[in-house]
Protein chains: 2
Amino acid sequence: MTSAASRKGGRARDERLERDIPEATIARLPVYLRALTALSERDVVTASSEELATAAGVNSAKLRKDLSYLGTYGTRGVGYDVNYLRYQIAREIGLTQDWSVVIVGIGNLGHALANYAGFASRGFQVAGLVDNDPARVGEKVGDLTISSFDDIDAIVSNAAVSIGVIATPASAAQDVCDRLVAAGVSSVLNFAPAVLTVPDYVDVRKVDLSIELQILAYHEQRKANGAAELRASLA
Amino acid sequence: MTSAASRKGGRARDERLERDIPEATIARLPVYLRALTALSERDVVTASSEELATAAGVNSAKLRKDLSYLGTYGTRGVGYDVNYLRYQIAREIGLTQDWSVVIVGIGNLGHALANYAGFASRGFQVAGLVDNDPARVGEKVGDLTISSFDDIDAIVSNAAVSIGVIATPASAAQDVCDRLVAAGVSSVLNFAPAVLTVPDYVDVRKVDLSIELQILAYHEQRKANGAAELRASLA
DNA sequence: AAGAGTTTGTGAACGGGAGAACAAAATCGC
DNA sequence: GCGATTTTGTTCTCCCGTTCACAAACTCTT
């Protein structure tokens with residue numbers, strides 16, 4: 001879903017082989033990272049692709065191929081050094097640096113996101129909270145104070161924010177997105193159930209809670225139908 | 001990601017052609033549904049695949065192919081009847097019936113989910129809220145009262161719950177999942193950053209907020225590197 | 001030091017989904 | 001009624017991702 005257009009230029013890299021890591025692999029790297037962190041906390045020094053794959057819930061061949069895109073960090077006959085691989089993946093994703101994010105729309109979900117511990121622990125700093133409701137502006141959430149829409153520009157430039165999180169109602173999402181982009185944000189995580197239009201250079205990822213439930217409902221219905229047909233065929 | 005194993009049986013259906021709708025299509029149907037609902041609210045009667053595709057943010061050829069898996073609901077030269085198509089998609093996904101869900105883990109995120117309007121409006125009824133913390137049991141959230149872990153069985157059987165939502169910390173997720181499955185839940189929406197192990201017949205979908213941010217961070221880093229290299233090559 | 005046992009990295013086969021392109025079917029104008 | 005126009009449904013091709021399978025590379029035992 002991320003715009004491939006921004007990468008299509010493809011100037012030949014002479015110095016080092018330019019890794020073109022598949023999108024599907026990128027999406028799994030954070031999972032591997034989490035598995036490695038868990039192993040590291042249990043003081044495990046080395047892990048085989050099989051062990052790692054089980055911990056990450058994937059096929060071991062897939063895991064090996066994924067890792068091979070990053071480089072040759074394993075040792076045949078031995079496995080992978082947990083901490084070394086962990087660092088390499090973190091570096092590849094870009095977690096060796098800190099990232100500032102701004103959250104727009106501080107309703108129930110925005111609150112939850114603002115307090116989510118999983119962000120800070122992975123190097124994502126919430127640099128600002130923004131809401132349109134004048135009654136909410138000034139309210140404190142954790143360490144932060146809610147700002148108004150008009151402060152978006154200041155927040156983004158002061159804290160070098162590159163990632164914006166939209167947790168507003170669908171009706172406001174496009175407007176908020178436009179303002180974020182105008183302020184300099186080039187990646188957007190959208191929780192609003194709306195299709196966003198952005199310039200090519202901006203990446204958008206969408207998380208839609210009700211869509212996930214609907215997908216489950218579809219399979220649930222199929223299971224129920226299958227069971228009913230089975231009963232009928234046995235009768 | 002949903003287990004395809006439960007469908008591999010594939011007994012030949014003689015009576016009616018058994019639609020085997022691709023997973024990728026299923027995931028887009030809710031988006032089309034939303035676009036159709038929006039059009040319907042603006043009293044639009046008919047829409048072409050091009051219009052629908054734009055509203056849903058996809059390619060029109062893809063949209064037509066997706067819809068063709070459901071049946072032939074369009075009219076050549078005309079387009080699709082908005083309300084008719086809306087009903088057909090809703091029926092296909094299983095939204096013409098109500099679904100009961102139980103939410104486990106009523107922290108910040110659980111609260112947000114419990115209050116999320118997008119669930120109820122699509123036929124998903126929250127039948128119960130469950131938390132492990134004795135201090136929280138009895139607390140009211142909206143119309144509902146938080147129950148304890150031990151009430152999971154009763155809630156699931158009383159309300160015919162088939163979908164469980166896990167919003168606990170990662171450490172509790174597998175235990176909660178096991179209890180839900182034991183109680184009769186056969187679909188799980190997991191917000192905890194953990195890999196869940198379930199029987200074949202259970203579908204699991206995962207939503208991980210920090211993974212989405214990490215994916216954005218990766219692309220952000222690439223953009224920054226590209227820009228730096230560009231500057232270097234110009235210097 | 002050499003053979004047996006492990007485990008990685010990758011080439012090759014396979015399957016599913018995306019998009020282009022076009023024939024079939026409907027409406028509209030005359 | 002008939003040709004022009006519109007728009008769907010579908011075929012075909014291409015690409016990406018998954019999985020298998022195996023050679024290469026390392027360790028361990030004797």
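To find a chain, count down the sequence lines: A is the first, B the second, and so on, and within it residues start at 1.
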K.L.:
Using the side-chain heavy atoms of A/Lys65, tell me which of these nucleotides is nearest: D/dG17, D/dT10, C/dA12.
P.N.:
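The answer is C/dA12, which lies nearest to the side chain.
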K.L.:
To the side chain of A/Arg28, which of D/dT18, C/dA18, C/dT7 is closest?
P.N.:
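Output: D/dT18.
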K.L.:
Measure the distance from NZ on A/Lys62 to C1' on C/dC14 and round it to the nearest whole Å.
P.N.:
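Taking atom C1' of C/dC14 as the reference, NZ of A/Lys62 is at 14 Å.
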K.L.:
Quick one: which of D/dG9, C/dT8, C/dT10 gets closest to the side chain of A/Ser49?
P.N.:
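Out of D/dG9, C/dT8, C/dT10, the nucleotide with an atom closest to A/Ser49's side chain is C/dT8.
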K.L.:
Is there side-chain contact between A/Gln174 and A/Leu196, with at least one heavy-atom pair below 4.5 Å?
P.N.:
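They are in side-chain contact.
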K.L.:
Tell me the interatomic distance from A/Leu63, atom CG, to D/dG17, atom P, rounded to whole angstroms.
P.N.:
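After rounding, the gap between these two atoms is 16 Å.
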K.L.:
Return yes if a side-chain donor-acceptor contact under 3.5 Å exists between B/Ser187 and B/Asp203, otherwise no.
P.N.:
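Result is no, nothing qualifies.
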K.L.:
Taking the nucleotide of DNA chain D with the closest heavy atom to each, which residue, B/Gly74 or A/Gly77, is nearer the 5' end?
P.N.:
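Counting from the 5' end, the first nearest nucleotide belongs to B/Gly74.
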K.L.:
Just how far, in rounded Å, is P of C/dG11 from CZ of A/Arg64?
P.N.:
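Taking atom P of C/dG11 as the reference, CZ of A/Arg64 is at 14 Å.
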K.L.:
Taking atom C1' of C/dT8 as reference, at what distance in whole Å does atom CD of A/Glu50 sit?
P.N.:
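Computing the A/Glu50:CD to C/dT8:C1' distance gives 12 Å.
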K.L.:
Any side-chain donor paired with an acceptor under 3.5 Å for B/Ser210 and B/Asp208?
P.N.:
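Present: a donor and an acceptor within the cut-off.
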K.L.:
Quick one: B/Leu52 CG to D/dT8 C1', roughly how many Å, whole number?
P.N.:
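Value for this atom pair: 12 Å.
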K.L.:
Is there a donor N/O on one and an acceptor N/O on the other, under 3.5 Å, for the side chain of A/Arg76 and the base of C/dT7?
P.N.:
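No such pair is found, so the answer is no.
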K.L.:
A/Tyr80 side chain N/O closer than 4.0 Å to the phosphate oxygens (OP1, OP2) of C/dG9?
P.N.:
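Yes, because at least one side-chain N or O of A/Tyr80 sits under 4.0 Å from OP1 or OP2 of C/dG9.
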K.L.:
Can you tell which of C/dG17, D/dT18, C/dT27 lies closest to the side chain of B/Pro22?
P.N.:
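Looking only at side-chain atoms, B/Pro22 lies closest to C/dG17.
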K.L.:
If you pin B/Val78 and A/Leu67 to their nearest nucleotides in DNA chain C, which one's is more 5'?
P.N.:
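Final value for this comparison: A/Leu67.
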K.L.:
Hydrogens and angles aside, do B/Asn225 and B/Gln221 bring a side-chain donor and acceptor to less than 3.5 Å of each other?
P.N.:
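No.
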K.L.:
Starting at CG of A/Asn59 and ending at C1' of C/dT8, how long is that distance when rounded to a whole Å?
P.N.:
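For the pair A/Asn59 CG and C/dT8 C1', the rounded distance is 14 Å.
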K.L.:
When the distance from CG of B/Asp20 to C1' of C/dG17 is rounded to whole Å, what number comes out?
P.N.:
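Rounded to the whole Å, the gap is 14 Å.
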K.L.:
Salt bridge or not between B/Asp66 and B/Lys62? Use side-chain N to carboxylate O under 4.0 Å.
P.N.:
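Result for this pair is no, no salt bridge flagged.
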K.L.:
In whole angstrom, what separates B/Glu23's CD from C/dG17's P?
P.N.:
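Nearest whole value for this atom pair: 8 Å.
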